[in-house]
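Taking it in order: structure first as structure tokens, then the write-up.
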Protein chains: 2
Amino acid sequence: MSLPHALLTELVERPRSGSELAARFDKSIGFFWHASHQQIYRELARLEEAGCIESLPEEPTRGRKRAYRLLPAGMERLRAWMTEPTAPMPLRDELMLRLWSSATVGADGLAQEVHRRLQAHEAKLALYRSFEARDYPDGPDSREAALQHLVLQAGIRYERNWVEMLQEALAILQQPRPAGCDTAAPAPEPSVPPSGAAPARPSDSAAP
Amino acid sequence: MSLPHALLTELVERPRSGSELAARFDKSIGFFWHASHQQIYRELARLEEAGCIESLPEEPTRGRKRAYRLLPAGMERLRAWMTEPTAPMPLRDELMLRLWSSATVGADGLAQEVHRRLQAHEAKLALYRSFEARDYPDGPDSREAALQHLVLQAGIRYERNWVEMLQEALAILQQPRPAGCDTAAPAPEPSVPPSGAAPARPSDSAAP
DNA sequence: TTTTCCATGTAAACAGTTACATGATTCC
DNA sequence: GGAATCATGTAACTGTTTACATGGAAAA
């Protein structure tokens, strides 16, 4: 239930249309929350019906821009939300699952996939760092800027984490084989090791 | 589409029942993929219908344990999945969104919430580290153990990231106010400031 | 036997994704 | 005028969560 509040926050500053909001979700807010335009339009309709926002061009027009303005009820809802408890969002990633599976199933072709993802995360890390260099070049920021800077730094750390992780994963996947295939060539893999072959099964005891 | 493959992976070693699988999702796999027991039972039914697994006690019994065994088709599906491309999972967390919102709406009571989350992540970090100390006490692991160790390390890094982040967030939230009002006192917010007023608005230019 | 807990489910609501549709604007 | 693009939607599907229901086993 975070999307409506993300939208309300964006409307505090000034009225915006769905496409403007969608564009902002690809930039700043997108560091830690993503939303497609379909989600945004649907949520805007809900918020309007709930009396949190109002459409400025009053008649519903398809194809023409339609800005929404924050109403007092929306501001109230936003403030109430700020003090509610949050639940930690668990780490959830398919590539991690595959690395786990590869320990029991075999690592055929996985190095290639890991390498692809590594490149993607490196690119994103570089992008975020360029944002940081451009938008926060000087020392300590004001309180407001510091909070937004912190959010960007979270994105940077997250990507850096992935880069380091995947580099280690590559090292493991390529370790038993000699050199020469660390960037582009897919690592040759042992074809189907027997299922019970893994000597260590820490997962069986990985809880108190 | 990762849940079925997570289940299939768990069934490679030996047949397991729904509750056994659910228990494992709270431990090892839970570091990077979570699933409730409802999801698991539904997915097991699907996998059985698809011929990937088979139920050992053949008649469907409600209330009694029901182990599933991996079938060749399931193993095939698992192997095919290992080479498919993956999409990076974007960072998505509600507390980050609130930190962002607090820059424009005000930070009332947020420090309290940040502190609560900080404690939760510290606890989880300590738990994961204890797993690591117990399950991987000695030096370098075998290839299989190294992969599973890496997954645990990813969880550790993820939690450590959060701890560092939230500590900084606390420092920011408590910095400008001398004392006493960092958790309860309302921050006066500019009621609809003119759009260009903020000194730093990196979000407006945070894209190439 | 009654209670309690465990294991297996069912049902409904919601969030998010994908594919597609339509009206307006702009550019040639 | 026609094509391309932008802005706003609709519809269907999948995945996830929440709440509840039921049968069996074990314990009191």
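Computed from a predicted structure; not experimentally measured. So that the names make sense, note that chain A is the first sequence line, chain B the second, and so on, each numbered from 1.
- No side-chain donor from either of B:Thr104 and A:Glu13 sits under 3.5 Å from a side-chain acceptor of the other.
- A:Leu47 has its CG atom 11 Å from the P atom of C:dA15, to the nearest Å.
- Looking at the side chain of B:Arg64, the nearest of the listed nucleotides C:dG16, D:dA25, D:dT17 is D:dA25.
- Between the CD atom of B:Gln39 and the P atom of C:dG9 there is a distance of 16 Å, given to the nearest Å.
- Distances shown here put every side-chain N or O of A:Ser17 at or beyond 4.0 Å from the OP1 or OP2 atom of D:dA7.
- Side-chain N/O atoms of A:His34 and base N/O atoms of C:dG16 include no donor-acceptor pair closer than 3.5 Å.
- Note: CZ (B:Phe25) to P (C:dT8) measures 14 Å, nearest angstrom.
- Comparing A:Arg62 and A:Trp33 by the nucleotide of DNA chain C whose heavy atom lies nearest to each, the residue mapping closer to the 5' end is A:Trp33.
- When distances run from any side-chain atom of A:Met1 to the nucleotides C:dA15, D:dG15, C:dG23, the shortest one goes to C:dA15.
- Along DNA chain C, the nucleotide nearest to B:Gly63 and the one nearest to A:Glu43 differ in position, and the one closer to the 5' end is contacted by B:Gly63.
- Separating the CZ atom of A:Arg92 from the C1' atom of C:dA15 is a distance of 12 Å, rounded to the nearest angstrom.
- When B:Glu48, B:Glu10, B:Glu54 are each tested for a salt bridge (Lys or Arg N to Asp or Glu O under 4.0 Å) with B:Arg69, only one passes: B:Glu54.
- Evaluated for a side chain to side chain contact (heavy atoms under 4.5 Å, CB included) with A:Arg129, the options A:Glu159, A:Arg160, A:Arg134 yield exactly one hit, A:Arg160.
- Taking each heavy atom of B:Leu170 and B:His115 in turn, the nearest pair found is CD1-CD2, 3.9 Å.
- Here D:dA7 is the nucleotide among D:dG15, D:dA7, C:dG9 with the atom lying nearest to any side-chain atom of A:Lys65.
- Set against C:dT8, C:dA15, D:dG15, the side chain of B:His37 has C:dT8 as its closest nucleotide.
- The nucleotide whose nearest atom lies closest to any side-chain atom of A:Tyr68 is, among C:dA7, D:dT16, D:dG9, D:dG9.
- Note: CD (A:Gln38) to C1' (D:dC6) measures 14 Å, nearest angstrom.
- Residue A:Ser36 places its side chain closer to C:dT17 than to any other of D:dA7, C:dT17, C:dA7.
- Side-chain N/O atoms of B:Tyr41 include none lying less than 4.0 angstrom from OP1 or OP2 on C:dG9.
- Atom CG of A:Leu44 is separated from atom C1' of D:dT10 by 16 Å (rounded to the nearest Å).
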(request) Starting from the C-alpha separation in whole Å, work towards a yes-or-no answer on side-chain contact (heavy atoms from CB on, under 4.5 Å) for A:Met89 and B:Glu94. (result) CA-CA 8 Å; A:Met89 195 146 284; B:Glu94 191 177 342; 5.6 Å; no

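- Here D:dT16 presents its P atom at 12 Å from CE of A:Met89, a figure rounded to the nearest Å.
- We find that CZ of B:Arg42 is positioned 11 Å from C1' of C:dT10, with the value rounded to whole Å.
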